[in-house]
**Q** 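The structure under discussion is supplied below as structure tokens; questions concerning it will follow.
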Amino acid sequence: MNSTRTITLFRAGLLNPIDSDTWVYIRDGICAVSKGRIIQCGPTNKIYRQFPNIEVISLDGTIMPGFTDLHCHWVQHDVQGVYSGELLDWLQNYIWPEERRFINESLARERAKAFYSDMLRAGTVMGLSFSSVHVGATKIALSEMRGDWIIGNALMAVNAPNYLTSHSCHRYDDLRSVVDDVDGSHYAVTPRFAPNLRAVDLRIAAEIASSRSLLLQTHLAESKAEVRWVKELFPEAKNYTDVYDRIGLLGSRTVLAHCVELDETEWICLAKRRAWVAHCPSSNEALYNSRMPLERLRQFHVSWALASDIGAGPSHSMLHVLQRFFAIHEAAGVRVTSEEGLYRSTLAGAQAIGRDKVAGNFMPGKRADFVLMPGRPRQNELSGWFRDLCVGTIAELEHRPLGTWLGGMQIEP
Ligand SMILES: [Zn+2]
């Protein structure tokens, strides 16, 4: 059998993120795909010589890797952007009553389908998400998955309504039986945040994640009020970060959302533990008009990637996240570049969740998960073109991609 029969050639502009300072752009390129994987990318003339008799699919625009969203709450997709204000009020008045509804499995299934469909429409193919406390809803999100997601049921033991805590699997045997029952490559241990758990619960989460080599996701220092509350709840800890660190919860497989209100010793601790930060600029802006100090992340060489944090984030579109990322940091006089924006919304997120060997950019051997954007700029217009992709209303940005491909197959959102 002729093996070239299984090869598809996509001709378009190709934009490939390499690191935070570097991307590679080929204005007229071909991405050769076989059995869902990229086998080669390069200038059209060169690739076409290697595969002369294969039909070329010409795409009108530029392809780039599909986005990775390092922190979101799929169960809040329906209420994203409904409110801005104080975190703790927002949780109590909007989010927890909404998440309560996910005990209903037919609602959960309908919402999971809508979440994946909207994510793919917006060009997001991969990510890390919180579920509600309900194991049933979490399993539904795993079984309905389109793209490559890692999801965990939120663990909540205290300081929350009984209608949530009574369904939480924070106890050792409960959490272990959930972990035994799911595919570990798509599951993250998910303590909601320090105020919802006692030290004993956090220790259980850390132990189970570490013994099973699972990702662990939680929140850290999103607001000043939260930091004050954690100080009251955990007087023995030196600071918020130390609440997690003293029980061994921080490591290279830990993803911490926000990290807006940290002091210098906390940044040093995160760097030492090689923990990942999910930076959620649109969410921080929506809830507090606050800004995560990007210059501190850079100063202490802490690893990070971008995230929507829906529902606090007003949109699941990573183009919207990028719009706010550029605007917020530039308004504070902090330099950000288009190259960094692309890398932090694609490959960096893949690295954070351990998928960079199989996805995140156009290296041969990786999954052909990509998104088509309008326009095929000249080399000297590239950075401006990328910025222009991020200009517009939320509705425009959520629908800007012209198409999304998973494993070389164009998907119907
Ligand atoms: Zn969150």
Side-chain angles (χ1 to χ4, degrees), residues 68-99 102 111 115 119 124 127-134 137-138 141 149-156 159-160 164 168 188-197 202 205 215-227 229-230 240-241 244 249 254-262 275-288 290-292 304-318 320-321 324-325 345 349 352-353:
T68 306
D69 188 341
L70 190 57
H71 176 72
C72 68
H73 300 250
W74 76 269
V75 289
Q76 298 173 20
H77 179 40
D78 221 43
V79 292
Q80 64 194 38
V82 294
Y83 176 73
S84 57
E86 175 52 48
L87 171 73
L88 305 171
D89 295 339
W90 174 74
L91 286 172
Q92 280 160 16
N93 296 331
Y94 291 82
I95 291 308
W96 291 344
E98 172 67 13
E99 291 193 4
F102 283 76
R111 294 288 183 80
F115 169 79
M119 280 290 185
T124 301
L128 178 61
S129 176
F130 276 56
S131 194
S132 60
V133 290
H134 310 102
T138 306
W149 286 83
I150 299 177
I151 297 173
N153 47 303
L155 308 175
M156 302 172 73
N159 297 320
L164 291 180
S168 164
V189 175
T190 307
R192 185 163 207 133
F193 71 155
N196 282 145
L197 296 145
L202 290 167
L215 272 175
L216 185 146
Q217 58 178 340
T218 189
H219 296 93
L220 174 61
E222 187 173 356
S223 80
K224 289 191 170 72
E226 177 198 351
V227 170
W229 193 21
V230 168
Y240 195 161
T241 302
Y244 295 148
L249 188 140
T254 309
V255 177
L256 303 157
H258 302 302
C259 301
V260 177
E261 308 289 347
L262 299 183
W276 280 83
V277 171
H279 173 29
C280 314
S282 53
S283 165
N284 300 152
E285 181 182 49
L287 278 186
Y288 301 105
S290 69
R291 184 184 76 90
M292 195 275 301
W304 64 280
L306 285 164
S308 72
D309 190 32
I310 57 163
S315 170
H316 57 272
S317 162
M318 291 304 286
H320 180 257
V321 172
R324 305 324 305 152
F325 169 69
S345 57
I353 61 172

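Ligands are counted one by one from 1 in listed order, and the atoms in each one are counted from 1 as well. Please read these numbers as outputs of a predicted model, since none were measured by experiment. Scope of the values below: all heavy atoms of this structure, side chains included, with no hydrogens, waters or symmetry mates.
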**Q** So, Glu222 and the Zn ion (ligand 1): N/O/S under 2.8 Å, yes or no?
**A**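 Looking at Glu222, which is the residue asked about, there is no N, O or S atom under 2.8 Å from the Zn ion (ligand 1).
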
**Q** Is the distance from the Zn ion (ligand 1) to some N, O or S atom of His258 under 2.8 Å?
**A**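 His258 does not place any N, O or S atom closer than 2.8 Å to the Zn ion (ligand 1).
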
**Q** Counting backbone and side-chain atoms alike, is an N, O or S atom of Cys280 positioned under 2.8 Å from the Zn ion (ligand 1)?
**A**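 Within the cut-off used here (under 2.8 Å), Cys280 places no N, O or S atom near the Zn ion (ligand 1).
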
**Q** Any chance the side chains of Tyr240 and Glu226 put a donor and an acceptor closer than 3.5 Å?
**A**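 The criterion, which ignores hydrogens and geometry beyond distance, is satisfied for Glu226 and Tyr240.
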
**Q** Write down the atom of Ile353, the atom of Gly127, and the distance for their closest heavy-atom approach.
**A**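 The answer is CD1-O, 4.2 Å.
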
**Q** Taking just the N, O or S atoms of Asp309, which one is nearest to the Zn ion (ligand 1)?
**A**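 This turns out to be OD1.
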
**Q** Would you call the rings of His219 and His258 parallel, tilted or perpendicular if under 30° counts as parallel and over 60° as perpendicular?
**A**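 If you compare the ring of His219 with that of His258, the planes turn out parallel.
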
**Q** For His71, what is the atom name of its N, O or S atom nearest to the Zn ion (ligand 1)?
**A**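 It is NE2 of His71.
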
**Q** Should Phe325 and His279 be marked as a side chain to side chain contact (heavy atoms under 4.5 Å, CB included) after you check the CA-CA gap, both sets of side-chain angles, and the distance that decides it?
**A** CA-CA 9 Å; Phe325 169 69; His279 173 29; 3.9 Å; yes

**Q** Please state whether the separation between the Zn ion (ligand 1) and some N/O/S atom of Cys72 is under 2.8 Å?
**A**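 Of the N, O and S atoms in Cys72, none lies under 2.8 Å from the Zn ion (ligand 1), which means no.
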
**Q** Of all N, O or S atoms in His219, which has the smallest distance to the Zn ion (ligand 1)?
**A**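 When I compare the N, O and S atoms of His219, NE2 is nearest to the Zn ion (ligand 1).
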
**Q** Once you measure the plane-to-plane angle for His71 and His73, does it fall in the parallel (<30°), tilted (30-60°) or perpendicular (>60°) bin?
**A**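 Ring orientation of His71 relative to His73: perpendicular.
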
**Q** Rounded to the nearest 0.5 Å, how far does CG of Leu155 lie from CZ of Phe193?
**A**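 Spacing of CZ (Phe193) from CG (Leu155) equals 13.0 Å.
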
